[in-house]
**Q** 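Here it is, the structure in full.
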2 protein chains.
Amino acid sequence: MVEQQRAAVADSGTRTRTRRAIVDAAVALLARDSGASLADVAAAAGVGRTTVHRYFPERSDLLAAIGADVLEKVEAATAAARLDQGPAPEALERLCQEYFELGAGLTLMFDSPQLMTWSGWDEETPADRALSRLVERGRAEGTLDAELTPEWVQSVLWSLLYSAWELSRRREASKHTALTLCLRTLGKALAP
Amino acid sequence: MVEQQRAAVADSGTRTRTRRAIVDAAVALLARDSGASLADVAAAAGVGRTTVHRYFPERSDLLAAIGADVLEKVEAATAAARLDQGPAPEALERLCQEYFELGAGLTLMFDSPQLMTWSGWDEETPADRALSRLVERGRAEGTLDAELTPEWVQSVLWSLLYSAWELSRRREASKHTALTLCLRTLGKALAP
DNA sequence: CCTGAGTGGAACAGTCGTGTTCCACTCAGG
DNA sequence: CCTGAGTGGAACACGACTGTTCCACTCAGG
């Protein structure tokens with residue numbers, strides 16, 4: 001019976017796939033139009049509006065799921081960048097490459113912080129702290145400009161990533177070119 | 001009679017003051033919440049909702065007025081920076097200082113380009129062209145990194161300005177400190 | 001085959017923002 | 001003082017989005 005209940009909440013197979021389709025479509029859509037309706041999300045996901053409400057009773061439930069999803073990916077990307085290994089500038093470069101893969105999630109994180117008002121966004125996620133630690137290490141080692149505060153470095157990192165992503169989204173540069181520009185700019189800006 | 005008609009469209013004195021109050025309040029409000037209602041704008045401006053509709057019959061009329069207003073300020077700021085005088089890096093610094101004064105208009109320009117869909121925003125304003133010319137000049141003179149394209153430099157300029165403005169808006173730094181961080185970062189990033 | 005999980009669509013009520021109309025109020029200038 | 005420009009508020013119709021219910025359909029697995 002307990003398994004029945006659990007199944008009703010998060011079954012495997014079809015349910016998982018449908019849920020993913022909705023969340024992914026919502027991320028891509030809301031990144032372009034933060035005012036998109038649930039009907040738009042449903043259409044983008046290729047499902048009926050009813051189905052969306054079946055998985056996420058209220059709009060806020062969908063938003064929370066998106067927040068959790070993006071947060072999870074950010075944490076995974078941060079872990080993959082192994083920030084505590086090697087010179088700080090190179091670690092930052094790895095982090096940029098990982099974050100760049102977040103794609104539309106990048107846009108949501110950057111210009112919809114109001115949208116990201118779910119549980120675990122108190123300006124202090126593990127990823128934030130890991131990045132802060134890295135910047136502090138770089139300043140101490142003399143491999144990062146000590147004039148720049150960790151908060152500012154973080155802002156610059158996100159805004160340059162956002163700019164690069166938008167550049168490639170608007171077809172003004174390939175993803176590779178955009179990332180290269182971003183890395184070169186960031187590297188020079190943060191060098192001592 | 002002609003004067004009567006003109007007066008009905010854009011009288012001087014009280015009407016001009018009320019109009020300014022509405023536009024300014026709308027810029028400040030929409031920068032924080034792009035989904036703010038006209039009732040919110042009216043409240044923020046300290047006028048009745050009816051009055052807003054008297055000056056801007058439809059929502060799109062208000063948005064167009066905001067677009068025109070911001071555009072005008074951007075052009076004025078660009079002119080004040082005298083981009084064709086002195087070394088390119090210094091001209092860019094002057095431009096940053098001017099643009100930083102745009103305040104909330106900065107936010108609207110940056111993350112609400114969809115909102116800026118009025119007449120004169122065809123990705124090619126005079127200010128855009130003046131900035132492009134400046135960057136080209138700097139590249140030719142060897143005072144700006146030739147690896148960075150004018151479009152990218154423009155993106156970086158706006159995103160760093162936006163970051164700096166947000167930093168000061170969130171009280172994480174004074175306006176002066178934020179601008180200093182921005183200028184230092186931009187200067188290093190764009191140096192050859 | 002047949003059963004139930006998963007789904008889509010139609011229909012409905014409720015809410016909110018928009019745009020409009022109308023009327024009473026204020027107050028500065030003649 | 002008094003007149004009219006400027007205003008605010010109430011009320012209304014309308015449309016869009018939301019959240020809910022109900023029913024018919026599909027289709028994979030036992």
Side-chain angles (χ1 to χ4, degrees), chain A residues 1-26 29-30 32-67 112 114-115 117-118, chain B residues 1-27 29-67 112 114-115 117-118:
Chain A
M1 189 177 69
V2 172
E3 289 175 353
Q4 293 286 340
Q5 284 183 354
R6 187 176 304 270
V9 174
D11 200 350
S12 59
T14 308
R15 290 190 69 87
T16 305
R17 231 177 311 123
T18 302
R19 189 190 154 91
R20 275 247 59 83
I22 295 174
V23 172
D24 289 345
L29 190 58
L30 291 177
R32 273 178 298 154
D33 175 17
S34 62
S37 72
L38 292 186
D40 296 331
V41 172
V47 303
R49 192 170 69 92
T50 313
T51 301
V52 173
H53 274 103
R54 234 189 296 274
Y55 285 81
F56 309 100
E58 297 194 4
R59 190 176 222 275
S60 59
D61 294 324
L62 175 57
L63 265 37
I66 290 175
S112 301
Q114 12 133 352
L115 191 148
T117 318
W118 105 290
Chain B
M1 188 178 70
V2 172
E3 290 175 351
Q4 293 285 343
Q5 285 183 354
R6 187 177 304 270
V9 173
D11 201 351
S12 58
T14 308
R15 290 191 68 87
T16 305
R17 230 178 311 125
T18 303
R19 188 190 156 91
R20 275 248 59 84
I22 295 174
V23 172
D24 289 346
V27 168
L29 190 58
L30 291 177
R32 273 177 298 155
D33 175 15
S34 62
S37 72
L38 292 186
D40 297 331
V41 172
V47 303
R49 192 169 69 92
T50 312
T51 301
V52 173
H53 274 103
R54 234 190 296 274
Y55 285 81
F56 309 99
E58 298 194 3
R59 189 176 223 275
S60 60
D61 295 323
L62 175 57
L63 266 36
I66 291 175
S112 302
Q114 12 132 351
L115 191 148
T117 318
W118 104 292

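Convention: sequence-line order gives letters A, B, ...; per-chain numbering from 1.
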**Q** Can you measure A:I22 atom CD1 to C:dG6 atom C1' for me and round it to whole angstrom units?
**A**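 My rounded result for the distance is 12 Å.
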**Q** What integer distance in Å separates B:R17:CZ from D:dA5:P?
**A**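 Atom-to-atom, B:R17 to D:dA5, this comes out as 17 Å.
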**Q** Once rounded to the nearest 0.5 Å, what's the spacing between atom CZ of B:R54 and atom CZ of B:R49?
**A**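 Rounded to the nearest 0.5 Å, the CZ-CZ separation comes out at 12.0 Å.
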**Q** Which heavy atom in B:A45 sits nearest to a heavy atom in B:A21, and how many Å separate them?
**A**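 For B:A45 and B:A21, the tightest heavy-atom pair comes out as CB-O, 3.8 Å.
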**Q** Please map the stems of DNA chain D, keeping only stretches of three or more Watson-Crick or G-U wobble pairs with both distances under 3.5 angstrom.
**A**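 Counting only runs of 3 or more consecutive pairs, the stems involving DNA chain D are C:1-30 with D:1-30.
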**Q** Which pair of heavy atoms, one from B:Y55 and one from B:T18, lies closest together, and at what distance?
**A**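 Smallest heavy-atom distance, with atoms named: OH-CB, 3.4 Å.
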**Q** Could you check how far CD of B:E58 sits from P of D:dC14, rounded to whole Å?
**A**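 Taking CD of B:E58 and P of D:dC14, I get 17 Å after rounding.
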**Q** Return the polar atom pairs (N/O with N/O) between nucleotides 26-30 of chain C and the protein under 3.5 Å, or none.
**A**
none

**Q** CG of B:L38 versus P of C:dG17: gap in Å, rounded?
**A**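 After rounding, the reported distance stands at 10 Å.
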**Q** Nearest whole angstrom, please: distance from the C1' of D:dG6 to the CZ of B:R20.
**A**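 It works out to 19 Å between those atoms.
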**Q** Ignoring the backbone of B:R59, work out which of D:dT18, C:dT18, D:dG6 is nearest its side chain.
**A**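 Nearest listed nucleotide: C:dT18.
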**Q** Measuring from the side chain of B:R15 (C-beta onward, heavy atoms only), which nucleotide among C:dG6, D:dG6, C:dT18 has the closest atom?
**A**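 Selected nucleotide: D:dG6.
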**Q** Which residue in the set A:L38, A:L63, A:I66, A:D61 passes side chain to side chain contact (heavy atoms under 4.5 Å, CB included) when paired with A:F56?
**A**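 With A:F56 as partner, side chain to side chain contact (heavy atoms under 4.5 Å, CB included) holds for just one option, A:D61.
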**Q** Compare every heavy atom of A:V41 with every heavy atom of A:A25, then report the nearest pair and how far apart it is.
**A**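 Here A:A25 and A:V41 meet closest at CB-O, 4.3 Å.
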**Q** To the nearest 0.5 Å, how far apart are CZ in A:R15 and CZ in A:R20?
**A**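 Going from the CZ atom of A:R15 to the CZ atom of A:R20 covers 15.0 Å.
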**Q** Let's see if you get this right: which residues in residues 46-57 of chain B place a heavy atom under 4.0 Å from DNA chain D?
**A**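 Heavy-atom cutoff 4.0 Å gives B:G46, B:V47, B:G48, B:R49, B:T50, B:T51, B:R54, B:Y55.
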**Q** Is the shortest heavy-atom distance from the side chain of B:I22 to the side chain of B:R19 under 4.5 Å?
**A**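 No, their side chains stay 4.5 Å or more apart.
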